[in-house]
Each structure stands twice: as structure tokens, then as C-alpha cells.
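Below you'll find the structure, written out as C-alpha cells, and then a few comments.
Throughout, protein chains are lettered first and strands after them, A, B, ... in sequence-line order, and every chain is numbered starting at 1. Remember, predicted model here, so these are calculated numbers, not experimental data.
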Protein chains: 2
Amino acid sequence: MNDTPPKDTAPPRTRIQQKNRKAILEAALEVFSQYGFRGSRLDQIAQASGLSKPNLLYYFPSKEAIHSELLTCLMDTWLDPLRALDPGGDPREEILAYMRRKLEMSRDYPRESRLFANEILQGAPRIREAITGELKALVDEKAEVIRRWGEEGAIAPVNPHHLIFSIWALTQHYADFEVQVRLILEGHEEDPYPEAERYLEALFSRLLAPESAPAGA
Amino acid sequence: MNDTPPKDTAPPRTRIQQKNRKAILEAALEVFSQYGFRGSRLDQIAQASGLSKPNLLYYFPSKEAIHSELLTCLMDTWLDPLRALDPGGDPREEILAYMRRKLEMSRDYPRESRLFANEILQGAPRIREAITGELKALVDEKAEVIRRWGEEGAIAPVNPHHLIFSIWALTQHYADFEVQVRLILEGHEEDPYPEAERYLEALFSRLLAPESAPAGA
DNA sequence: GTCTATATTAAGATAGAC
DNA sequence: GTCTATCTTAATATAGAC
């Protein structure tokens, strides 16, 4: 269970400033995660935060600044689950635990996931550096660990980059496509996550089980 | 290989109308798939299509009309791969073939995938009925087929709805997060799709292999 | 710090000439 | 059918009172 919410960075001065900044960022997350940067209106954020539009711009210099504050905080938190993948731990359990942490992130912070998805869909104009820098470096590092595990026979040999992509895709899907998932599961499951966890555990357990022979091409 | 592009519906009259309507929808797909409905500007679509803004509105009554035309055509095409899943075919091969068709759709029509993703992220305001109607009915129907296959021992028993979600998530990820995938694979793979296909075949082959015991909880 | 009022620009849509 | 010019609304941002 990962209960650490995305962090605030800028240092607020007074109590009331702290409270209002938080309210704005909370409202902005709600709006930006749904409509993306260009599709979001300051009006909506103002209304959602309970503040007036000029008051928003007293706390932040611009719409862009609010968005970029959210993204910066997010990127850091977003990498934590992968950072925690321990090269010294049990290979299969480490990967499953990573998957579980990512699924918990989707369940507990679906808006953050959608904010990220929106940004990528739009071509990642504001986080390109973070992706080619921090994120790529971290992924390459952990991919090498996973590759080694496969080579040593601790897990079945799989393409480590695509393994990581598949964990992202499968877990984030429940946040990003939540509306669709819930509409389709109507009449079957109220909460998708318990079944999702069971299903994904089975999926990755079988994929990584070292005894089973590679089945694909 | 699925070479059928998303279909046009409205009946064009003259050659030039046909050509211009096509150019507009092509440009609109480019723009809407990236920025979503609210984040897209008619100006951009005009520029991308090589027509003037008023001329766009000669062919379509409004921005909304262009978008809704795209979505309507898309929804139909979108369901084809799942429709083709044959209850009478070989279970494991049918599911793998469905996954392959979806992966080809991501590769050949990534913008369509992103248009859909954008719409769902925004809460599916314009395709809610299509989801609760057509799509849900089709998914429930095919899920029942898959459930039966599991019961009969032709494949390992898995939650069929989540199996379908996982095929969507994994294949669409390569289209929706294409920017991220390519940035991260830089220095490893030029084209992600060949490796993606190998990886996903292994993943689903092992998941569905009836001999392997359920490994999860 | 917060508000009302407003400047300024941008965006969707229309009029009317050609 | 296509263009220029324009109307109208809406959105970001600012000024200045309180």
C-alpha cells in the first residue's frame, strides 16, 4: 500500500495561502486530468476550488504555472514504485510487487494517472525532458536488472522494456479508462480492482514462471 | 493484417466535395486525436486540411459535427476485431488472433486509438450510449464465449472481462503512449511493434495454456 | 487577500462578395 | 465553392477598489 500522495514543492508562507494553494491544485488536478491543458478553463478550476478567477492568478502567475506545478509534483511521485524495485530481492516477487504498487496508484490516484495520460497523448510537450532524462534512465537501469534475472534463470527471459510497458499499460488502464471499465462491468462487478489484482497476478506469475518454455515466435 | 480504414458515412455529392470532406476529416483526426475536442481549434484543422476556416463550416455545420462524424465512423470500425472472434474456432488461437488484430489497429491507426482514448479520458460524453449499448453487449457476448472455453478446459480459466481489458490495454498502449514508448526505446528499438508482438504472444500464450495451474491468489 | 470591472486576445460561426 | 471581413462569445489576464 502506497499512501504517499503527490508532493507539493513551492514553499507557502501563511496558513491561508497554504490552504488556498492546495485547494487550487486539487481543483486543477480534477479539471486538467479530464480535459488536458488546452481543453481546461480557468473558470472551471476557479469554480471547483471555490475561489474567484482573479484570486487564482494571485496565487499562480498563469494557467500554465498551475499545470506545470502539478506535472512537476507528479513526475516525482510517479517514479517511486519503479525506484523501489530491488535488484537484491526475489525476482518474481519484486516484479509482482511493482505491478501491485502501480495498480494501487491507479486505484488511489486515478486523476494523476489521467493527467499524465493526457500529457502524453498531446505529445508530452511539457515532460519530454523528464521522460528522456530521469524516466528513461530509471527504466533502462531496471530493465537491465530484469534482463539479468532472465539470463540467470530466476524468471523466464522476456523483453524487459516491454515487460515494464505492459505493467504500465495494464495498471494505468484501470485509471485512464475507468469510465469505460465501469460501464462495461455494470451488472458484473461494482469495484474492478479486486478482480484486476487477481487477474494481473495470474498473468504475470505465469509469464515469469521460469519452468514454462517460451511460447511465442 | 487489417487494411480496412475507418469508414465514411455521410453521402458526398461531387468529386470535389468528396475530396474536401476527406481532407477535413483527415486533418480533424490529426488534431482531435492529439488535443481532444475542447483542446482542438478549428484554426488548426483548417490549416492542416489546407482549407479556410469558413470553408470548413461550409462542409460541416460546426466543430461538434466534425468531431461526432469522426467518432461515429470510428466506433463501428473499432468493434470489428472483437466481432471477428469466432466461438467455433480454436480458443487459444482465436484470442491470440484477436490480440494481433488489435495490435495491428494500434500500429496502422494510432490516431484513431488516441481519439478514442481522449474521449474516454474526458468522461466519454459523446460515446456513452455506444459503450453501454453496442460495446457492452458485444463484450458480454464474447466474454461468455471465453468463460465457456475456460469451463471446458480449452484454455485456463480467467476472468473474461479482464482478459478483454488486458488486450485493449496492452495493444492500445503502443498507440496512445507512442511518444513515451519511442522516447524510452531510443537506443534499443527503432520500431516497437515487432518486439511487442513477440512479447504479447508469449504473455497470452502462457496465460491461456490450460495445463499450467492458476498461480495467483 | 479578495473582489468587481475590464482590457485583450482568441475562437466559433456568419455575411456577403466573387 | 471559396474567399475576406466581421460578428459574438468566451477565455486569459490585469487594474484598482476595498
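- Closest approach to the B:Gln17 side chain among D:dG1, C:dA13, C:dG1 is made by D:dG1 (side chain taken as heavy atoms from C-beta onward).
- Rounded to whole angstrom, the span from the NZ atom of A:Lys53 across to the P atom of C:dA7 amounts to 15 Å.
- Under the salt bridge (Lys or Arg N to Asp or Glu O under 4.0 Å) criterion, B:Lys19 pairs with no residue, sequence neighbours left out.
- The nearest whole Å value for the distance from the NZ atom in A:Lys63 to the P atom in D:dA13 is 8 Å.
- Legend: residues meeting salt bridge (Lys or Arg N to Asp or Glu O under 4.0 Å) with B:Arg38, ordered by chain and number and at least two apart, are absent.
- In this structure, B:His67 atom NE2 and C:dA11 atom P are separated by 17 Å, rounded to whole Å.
- Judged by closest nucleotide on DNA chain C, A:Leu51 is the one of A:Leu51 and A:Arg38 placed further toward the 5' end.
- Taking every heavy atom of residues 54-61 of chain B and every atom of DNA chain D, pairs under 4.0 Å involve B:Pro54, B:Asn55, B:Tyr58, B:Tyr59, by number.
- Residues satisfying the side chain to side chain donor-acceptor pair (under 3.5 Å) test with A:Glu186, not counting sequence neighbours, are none.
- The distance between atom OH of A:Tyr35 and atom C1' of D:dT12, rounded to the nearest whole Å, is 19 Å.
- Take A:Glu178 and apply the side chain to side chain donor-acceptor pair (under 3.5 Å) test, not counting sequence neighbours, and it matches A:Arg114, A:Arg182.
- B:Gln180 is linked by a side chain to side chain donor-acceptor pair (under 3.5 Å) to nothing, counting only residues two or more places apart in sequence or in another chain.
- Ion pair B:Asp86/B:Lys142 not flagged as a salt bridge, since none of the NZ, NE, NH1 or NH2 atoms sits closer than 4.0 Å to an Asp/Glu carboxylate oxygen.
- The side chain of B:Ile16 lies closest to D:dT2 when the candidates are D:dA13, D:dT2, C:dG12.
- For the salt bridge (Lys or Arg N to Asp or Glu O under 4.0 Å) condition, the pairs that include at least one residue of residues 42-62 of chain A, sequence neighbours left out, are A:Asp43-A:Lys53.
- Every residue two or more places apart in sequence or in another chain that forms a salt bridge (Lys or Arg N to Asp or Glu O under 4.0 Å) with A:Lys136 is listed here: A:Asp140.
- Considering only residues two or more places apart in sequence or on other chains, B:Arg126 meets the salt bridge (Lys or Arg N to Asp or Glu O under 4.0 Å) condition with B:Glu64, B:Glu119.
- The ring pair (Phe, Tyr, Trp, His ring centres under 6.0 Å) contacts involving residues 113-148 of chain A comprise A:Trp78-A:Phe116, where partners must be two or more places apart or lie in separate chains.
- A close approach under 4.0 Å does not occur between any side-chain nitrogen or oxygen of B:Ser52 and OP1 or OP2 of D:dT2.
- The separation between A:Phe32 atom CZ and D:dA11 atom P is 14 Å, rounded to whole Å.
- Rounded to 10°, the helix from C:dG1-D:dC18 to C:dC18-D:dG1 has 0° between the axis fitted to its first five pairs and the one fitted to its last five.
- Remark: B:Ser40, B:Arg41, B:Leu42, B:Asp43 in residues 40-50 of chain B come within less than 4.0 Å of DNA chain C through at least one heavy atom.
- Taking 4.5 Å as the limit, every side-chain heavy atom of A:Asn159 sits out of range of all side-chain heavy atoms of A:Leu163.
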